[in-house]
Amino acid sequence: MVTLPGLKDLIENISRERNLPRVAVQSAIREALLKGYERYRRAQNLERRQFDEDYFDNFDVQLDVEDEGFRVVATKTIVEAVSNSDHEIALQQVQEMGGDEAQLGQEVVLDVTPDQGEFGRMAAMQTKQVLAQKLRDQQRQMVQEEFQDLEGTVLQARVLRFERQSVIMAVNSGFGQPEVEAELPKREQLPNDNYRANATFKVYLKKVSQGQQRGPQLLVSRADAGLVVYLFANEVPEIEDEVVRIVAVAREANPPSRHVGPRTKIAVDTLDRDVDPVGACIGARGSRIQVVVNELRGEKIDVIRWSPDPATYIANALSPARVDEVRLMDPETRQTHVLVAEDQLSLAIGKEGQNVRLAARLTGWKIDIKDKAKYDHAAEDAKFADVRARHTSEVDDSQEEDLEETNQEELLEDENFDENEQESKYQ
């Protein structure tokens, strides 16, 4: 046995520092020592034997934590004549070792541990490097298993440090587990947040990465619409009890211009006639929505009533503007004209088009805001009728071309069939 003084303390320290169970640390040490033994064997290869990638698969390391050491063992097959001493052992040799009942083809496990001094410096360095890598792999695996089921939920996070434009935060799964690092990229940050050291935030766990990449495996967000849904569900009991449901959310947490602030539109509905879904989300004197606004650092939030009628839904989505008329010009391409008074134009469009942009995203309709006083109903109807007629004509032409191609293909097939039939007659 090769002794490893301080092995027990080493396992305890690594387990505590890296938040890994002792079994995982021992497994990593065994794998590292096996790689170190492989390096030792390659260095001692005086016969210049070719070692394939799987050559050492029959070798293993047995760790003795109590006596603080390890053994290398090899599983060998009993044969009549040995051609490879690393994988085979002669039947006669096994019998001399006391295995009188041994038979050809059986396997035996033998101690092949090198002497204490032979396990050289290069092998020790290899062991150290592999151990560090194996411990990192173990940590990544544990993080993945711990947080995989929490993807798409909201966690409490604490700011640790800054790397380039990303914020590195500490999060935990809430099951008494230690904290794990997560990355909050620039695109997922809120412009009004103050990310100072040790500041705490609620974050949306967007993705748990797999693989062997460096850095945090967890990608969190403050800009995802899922965070708004969680905050409302947490503050509004009617949503938690499924009396009120959130139908759609459109959020612009990072507007294209710094002159426009973050804004969210959220559509809610209920099947209970006695419940006002919008009022339930806002709360008495705005108490409930104010909690959400405060958590999002002053982000503007519009709560609107969802409706199965597209015209009503679109009119509600353009809140706080007053809409006079919604004209569904082309339901197939989901284009609509919304007519408003002149003094409501800027409010309906919003600063740099944000209000109408969010309303379009919320409803799924292409919304065109028009001044009611200048709107020509007949001209707009004629324009859309002409567009629909051209579209119908193009579709018909395309169908005729497809039909013609199909007929030609069938004709060619018939001709080929007739030719083949004629040939078969004269054969």
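As a basis for the values below, the full set of heavy atoms in this structure was taken, side chains included, without hydrogen atoms, waters or symmetry mates.
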- Is any NZ, NE, NH1 or NH2 atom of the basic residue among Glu38 and Arg41 found under 4.0 Å from an Asp or Glu carboxylate oxygen of the other? no
- Does Asp324 use its side chain to pair, donor to acceptor, with the backbone of Val340 at less than 3.5 Å? no
- Item | Pairing of Glu295 and Arg222 as salt bridge, 4.0 angstrom limit | yes
- Task: Apply the side chain to side chain contact (heavy atoms under 4.5 Å, CB included) test between Lys206 and each candidate in Asp224, Val220, Leu218; give the one that qualifies.
- Result: Asp224
- Item | Any donor-acceptor pair under 3.5 Å from Gln344 side chain to Arg322 backbone | yes
- Message: Working note: Arg357 + Glu352, criterion salt bridge (charged side-chain N to carboxylate O under 4.0 Å, His left out); need CA distance, chi angles, decisive distance, verdict.
- Response: CA-CA 9 Å; Arg357 188 164 59 244; Glu352 297 188 8; over 6 Å; no
- Query: Does one side chain, of Thr264 or Glu252, offer a donor that lies under 3.5 Å from an acceptor on the other?
  - Reply: no
- Query: Are Arg245 and Glu238 close enough, and set up right, to give a salt bridge (charged side-chain N to carboxylate O under 4.0 Å, His left out), and what steps lead you there?
  - Reply: CA-CA 8 Å; Arg245 66 186 181 109; Glu238 290 86 348; over 6 Å; no
- Would Leu227 and Val154 satisfy side-chain contact (heavy atoms from CB on, under 4.5 Å), going step by step from the backbone distance to the final call? CA-CA 7 Å; Leu227 179 60; Val154 173; 4.0 Å; yes
- Backbone N/O of Asp57 and side chain of Asp54: donor-acceptor pair under 3.5 Å: no
- Establish, from distance only, whether the side-chain atoms of Ser166 and Glu183 form a donor-acceptor pair under 3.5 Å. yes
- Task: Run the salt-bridge test on Glu332 and Arg334 with the 4.0 Å N-O cut-off and return the result as yes or no.
- Result: no
- Message: Looking at Arg161 and Glu181, is there a salt bridge between them, counting it only when a charged N and a carboxylate O are closer than 4.0 Å?
- Response: yes
- Message: Which residue in the set Leu155, Leu296, Leu231 passes side chain to side chain contact (heavy atoms under 4.5 Å, CB included) when paired with Lys202?
- Response: Leu231
- Query: Where does the angle between the aromatic ring planes of Phe56 and Phe59 fall among parallel (under 30°), tilted (30 to 60°) and perpendicular (over 60°)?
  - Reply: tilted
- Message: Could you report the tightest heavy-atom contact between Cys281 and Val244, atom names first, then the distance?
- Response: SG-CG1, 4.5 Å
- Task: Look at Asp86 together with Lys76 and state whether they make a salt bridge at an N to O cut-off of under 4.0 Å.
- Result: no
- Task: Please examine the side chains of Val291 and Asn234, heavy atoms only from C-beta on, and report whether any two atoms are closer than 4.5 Å.
- Result: no
- According to the interplanar angle, ranging from 0 to 90°, do the rings of Tyr313 and Trp306 count as parallel (below 30°), tilted (30 to 60°) or perpendicular (above 60°)? perpendicular
- Verify the ring-centre separation between Tyr195 and Phe162: is it less than 6.0 angstrom? no
- Determine the minimum heavy-atom distance between Pro320 and Asn355, stating which atoms define it. CD-OD1, 4.4 Å
- Polar side chain donor-acceptor pair, Asp60 to Tyr37, under 3.5 angstrom: no
- Message: Salt bridge check, Lys372 against Glu342: does any charged N sit closer than 4.0 Å to a carboxylate O?
- Response: no
- Query: Name the one of Leu7, Thr3, Asp9, Leu10 that satisfies side chain to side chain contact (heavy atoms under 4.5 Å, CB included) with Glu68?
  - Reply: Leu7
- Query: Between Asn194 and Arg297, is any side-chain donor less than 3.5 angstrom from a side-chain acceptor?
  - Reply: no
- Test item: side-chain donor near acceptor, Asn254 and Arg187, under 3.5 Å: no
- Backbone N/O of Gln290 and side chain of Asn294: donor-acceptor pair under 3.5 Å: yes
- Do Thr270 and Asp272 have side-chain N/O donor and acceptor atoms under 3.5 Å apart? no
- Could Asp381 and Lys383 be called an ion pair, given the rule that one side-chain N must be under 4.0 Å from one carboxylate O? no
- Contact summary for Ala182 and Val171, nearest pair of heavy atoms: CB-CG2, 4.1 Å
- Does Asp67 reach the main-chain N or O of Gly69 with its side chain, forming a donor-acceptor pair under 3.5 Å? no
- Query: Aromatic ring centroids of His337 and Phe384 under 6.0 Å?
  - Reply: yes
- Query: Given Asp368 and Lys370, is the salt bridge (charged side-chain N to carboxylate O under 4.0 Å, His left out) satisfied, shown in steps?
  - Reply: CA-CA 6 Å; Asp368 199 353; Lys370 302 285 187 179; 3.4 Å; yes
- Query: Is the gap between the ring centers of Tyr204 and Tyr230 under 6.0 Å?
  - Reply: no
- Query: At their closest point, which heavy atom of Glu31 faces which heavy atom of Val130, and how far apart are they?
  - Reply: O-CG1, 4.3 Å
- Please answer whether the main-chain N or O of Leu184 pairs with a side-chain N or O of Gln189 as donor and acceptor at a distance below 3.5 Å. yes
